[in-house]
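Labels below follow one simple rule: chain letters A, B, ... track the order of the sequence lines, proteins then strands, and each chain is numbered from 1.
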Number of protein chains: 2
Amino acid sequence: MTRAQQTKSRRMGIPGSANWHAMLDGAECVLREEGYAALTSRRLAEYIGVKQRLVYYYFQTMDDLIVETFGRLAVREIERLREAASSKRPLREIWDVCIHTSDARLIAEFMALANRIKKLRAEVIRFIEESRAIQVSALSAALKRKSRNSRVPPAALAMLATSVALSLTREAELGVTAGHREILAVFGAFLSEAEPK
Amino acid sequence: MTRAQQTKSRRMGIPGSANWHAMLDGAECVLREEGYAALTSRRLAEYIGVKQRLVYYYFQTMDDLIVETFGRLAVREIERLREAASSKRPLREIWDVCIHTSDARLIAEFMALANRIKKLRAEVIRFIEESRAIQVSALSAALKRKSRNSRVPPAALAMLATSVALSLTREAELGVTAGHREILAVFGAFLSEAEPK
DNA sequence: GTCTATACACCGATAGAC
DNA sequence: GTCTATCGGTGTATAGAC
């Protein structure tokens, strides 16, 4: 995460500086609102009110910028997940994190990009695996404590929660709601039984 | 689906002709392999071995081409789903269609594009709603016949199957497999009970 | 640190010849 | 039907001044 840069020596801006964050913030917005094809150095510069050249002072290539943008997001998301897992009601809190994940449009862009930016792909894989590991260990602990060995193993539950939450978010943004009420009821019933309020 | 073209009068190629299909085939490949940013008239022309100008003889704009590409795919997918639903083992067949859906990379591109091409968005919504309706009616019938009113309503099951299948496909393509065995076992157990071989 | 200026390639879309 | 040629615009990335 720190800085694997400096392959070609070139004067560079400091990761973590105000401008650096502003660029990642801008990148997120442009990705979300206009898609990855619109995330160009010119567009980003215009969006955050600097000149195009400055983008290349902070990032070697546009791909690097994209990877860093995802990386910052992933760190935040993992952080949220860890907090949820170690809370008093881990099941409910984790489900809440899944449902209120980053905007589905943003995720759609990163998923598409991950298929052709190798470094991003690696980061995405790492993120999914780490998220799942946290979820599985939290679910295992919570369900064991309840001495309630459900027929559905924790790993399957984690996969289920993530998949369904992502679909719910994406479809809700599109305006599709068929089946949403029903599936939310199923999850609600499970939570009520496994982790009463 | 037929041809909502001809808003601006311009001589156009015939939808359904060999070249038209070749262009949609090429568009699918370029989308899958290189992403939507690479789906340009020049790239597509080169890919299928014609001149750039010809692309605009068959499609008014590149957005139109994308919408048609999705449309053709959606028709095929709905067709597969209908066949599955009216087969002897609808539950297993529908699950099979969900799992062996079009390449996850292609879907990722369309999901991203749907957020900014209005006509595509409308087609995607229509596709999701129609798919779900087919699934729900098939599931309702199959589960009623078994007089087996599960605690999980058909609409929730449909949502579940679609979400999980999509995630499984996407993650498998990335190389992530954590939890896959477990969730497949859960679905397998459900199918064995609800629709014995 | 931030800028101007510039290289060179590629984009969507059209005019109009054959 | 399919082509050549072309418009104006935008892309990444760099050189080098201040």
Legend entry - B/Tyr36 OH - D/dG11 C1' separation (whole Å): 15 Å
Inset, instruction - Check the distance between D/dA13's C1' and A/Phe59's CZ and give it to me in whole angstrom. - result: 16 Å
Inset, instruction - Return the value, rounded to whole Å, for the distance between atom CD of B/Glu46 and atom P of C/dA9. - result: 15 Å
Inset, instruction - Identify the heavy atoms of A/Leu139 and A/Pro154 that sit nearest to each other, and give their distance. - result: CD1-O, 3.5 Å
Legend entry - Other residues, nucleotides, ligands: >12 heavy atoms within 6.0 Å of A/Arg181 CZ: no
Legend entry - Whole-Å gap separating P (C/dG1) and CD1 (A/Ile48): 16 Å
Legend entry - Side-chain-base donor-acceptor pair under 3.5 Å for A/Arg42 and D/dT12: yes
Inset, instruction - Write down the distance between CE (A/Met23) and C1' (C/dG1), rounded to a whole number of angstrom. - result: 10 Å
Legend entry - Lys/Arg-Asp/Glu bridge criterion (N-O < 4.0 Å) met for B/Asp96, B/Arg80: no
Legend entry - Nearest-nucleotide comparison on DNA chain D, the residue closer to the 5′ end among A/Gln52 and B/Gln52: B/Gln52
Inset, instruction - Please work out which of the three classes, parallel, tilted or perpendicular, describes the rings of B/Trp95 and B/Phe187, given edges at 30° and 60°. - result: parallel
Legend entry - Non-hydrogen atoms of B/Pro153 and A/Glu182 that approach each other most closely: CG-CB, 3.8 Å
Inset, instruction - Ignoring the backbone of A/Arg53, work out which of C/dT2, D/dT14, D/dG1 is nearest its side chain. - result: D/dT14
Legend entry - Candidates D/dG1, D/dA5, C/dT4 - which lies nearest the side chain of A/Lys51: C/dT4
Legend entry - B/Arg43 CZ - C/dA13 C1' separation (whole Å): 20 Å
Legend entry - Distance in angstrom units between A/Tyr56 OH and D/dG16 C1', rounded: 18 Å
Legend entry - Atom-to-atom span, CG of B/Leu39 to C1' of C/dG12 - whole angstrom: 12 Å
Inset, instruction - Using only side-chain N and O atoms of A/Tyr58, determine if any of them is under 4.0 Å from OP1 or OP2 of C/dT2. - result: yes
Inset, instruction - For D/dT2, take OP1 and OP2 only and decide whether either is under 4.0 Å from a side-chain N or O of B/Tyr57. - result: no
